[in-house]
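For reference, the structure is listed below as structure tokens.
Everything numeric in this text was worked out from a predicted model, so none of it was measured. Just follow the structure's listing: the first ligand is 1, and inside any ligand the first atom is 1.
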Amino acid sequence: MTTIHKVRKAVLPVAGLGTRFLPATKAVPKEMLTVVDKPVVQYVVEEAMAAGIEHFVFVTGRNKGVIEDHFDIQVELEATLRERGKTVELRSLEDMLPKAGATSFTRQQAPLGLGHAVWCARDIIGDEPFALLLPDMVMHDKVGCLAGMVELYEKVGGNIVAVAECDPALAHKYGIVGKGEALEGGFQITQMVEKPAKGTAPSNYYINGRYILQPEIFDILSRQERGAGNEIQVTDAMLKLADTQPFSAYPFAGQTYDCGSKEGFILANVAFALDREDIKPLVVQELQKLIAKA
Ligand code: G1P
């Protein structure tokens, strides 16, 4: 039996321009837009931390420096909070901070697609399996999506792709997998297609932005072959890797919010606000009034 190596590192592609959120994203990266009181990217880093990830590789682009600042100590701010006895606020900063030396930042120099962004992390990842988390997708559940995937991975090894069910009318917007034999905690993937033409999707299971991949994916990505939208696609590279390695799907039981869309972003704000006892009562009361008038 082949050894199942631990997943220690995660890649977070954060180079996207965020044009769908202009003018909000003119000077602020889309990953820094807030859901209640945390930036979108922080939810994703916390999900990875909860899954045991030890090193975070951010693939950035121009104007993304503030993401690096967010995951660093802010000496003056923390000193002021300490002086003023603001312990809750101080804790909120300390809890989300990756350990010293546990972050890397590399740049995707040209927007050639998600597969190209992932390939930019190859030297930092090296020869070991890694998690890939797309920060647009924010997961809402008691158990983090990646933690559940790691559990499945430790049983079956290979490559794991998280999926959720979508409205068939929306399948052309995503990567879609074909469903094979059931596994304990998932199913075997028989097919993968990026943005299938309307009416051709092999199922309603869309790739919801979380992956555990073996390092051989980099060899395939280095061929720089273009796919849907004339971009270098991770899904196409995975399909090639599936010729020699197993791919299993992890059906995520929670809710996936696509914070790269306005609707998803607003719904994520509502969902996370309703989890918060301090703000829930007023939010529920006012939402009910707004909905009654809509
Ligand atoms: C990417 C992936 C796609 C996946 C989606 C989830 O697409 O290529 O397979 O379903 O993320 O958000 P993108 O959103 O970059 O078009």
Side-chain angles (χ1 to χ4, degrees), residues 10-21 25 29-31 33 35 40-41 43-44 47 58-61 108 110-121 131-140 145-146 149 159-179 189-198 200-213 217 220-221 224-242 247-252 254-265 267-268:
V11 174
L12 292 94
V14 292
L17 293 175
T19 45
R20 278 191 277 176
F21 275 91
T25 49
K30 63 173 174 163
E31 298 80 9
L33 297 179
V35 170
V40 164
V41 67
Y43 286 88
V44 182
E47 180 191 333
F58 295 86
V59 181
T60 73
Q108 183 188 22
L112 302 178
L114 180 60
H116 178 260
V118 173
W119 179 75
C120 289
L132 168 63
L133 299 102
L134 309 188
D136 272 354
M137 308 306 260
V138 171
M139 308 297 171
H140 187 251
C145 183
L146 189 64
M149 294 169 72
N159 301 268
I160 312 284
V161 180
V163 295
E165 284 185 78
C166 69
D167 178 344
L170 300 179
H172 64 282
K173 293 184 162 194
Y174 298 103
I176 303 288
V177 306
K179 187 175 181 201
I189 292 177
T190 54
Q191 209 192 333
M192 287 178 264
V193 49
E194 183 63 24
K195 305 200 171 50
K198 281 188 185 168
T200 66
S203 79
N204 296 334
Y205 285 104
Y206 78 100
I207 299 171
N208 75 344
R210 301 291 184 269
Y211 315 71
I212 293 175
L213 297 170
I217 195 88
I220 299 170
L221 288 171
Q224 314 263 321
E225 285 167 16
R226 307 283 183 129
N230 197 31
E231 292 189 342
I232 301 165
Q233 298 287 354
V234 171
T235 309
D236 296 344
M238 293 196 300
L239 187 64
K240 292 217 169 73
L241 187 57
F247 271 79
S248 311
Y250 171 77
F252 177 53
Q255 188 68 39
T256 304
Y257 290 104
D258 182 355
C259 289
S261 80
K262 293 184 179 93
E263 297 87 341
F265 178 73
L267 291 172

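- Within 4.0 Å of ligand 1, protein heavy atoms belong to Leu114, Leu134, Met137, Tyr174, Gly175, Glu194, Lys195, Ile207, Tyr211, Gln233, Thr235, listed by chain and number.
- Residues satisfying the ring-ring contact (aromatic ring centres under 6.0 Å, His included) test with Phe58, not counting sequence neighbours, are Phe71, Phe105.
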Donor-acceptor pairs under 3.5 Å, side chain of residues 162-178 to any protein atom, not counting sequence neighbours: which ones?
residue, atom, partner, partner atom, Å
Asp167, OD1, Ala169, N, 3.0
His172, ND1, Ala169, O, 3.2

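- From Thr256, atom OG1 reaches atom NE2 of His140 across 11.5 Å, with rounding to the nearest 0.5 Å.
- Counting heavy atoms from C-beta outward, Glu194 and Leu239 have side chains that stay 4.5 Å or more apart.
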Problem set entry | Residue pair Asn204, Lys179: steps toward the side-chain contact (heavy atoms from CB on, under 4.5 Å) verdict | CA-CA 9 Å; Asn204 296 334; Lys179 187 175 181 201; over 6 Å; no
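- Annotation: side-chain contact (heavy atoms from CB on, under 4.5 Å) contacts of Ala10 (sequence neighbours excluded): Leu12, Ile53, Ala131, Leu133.
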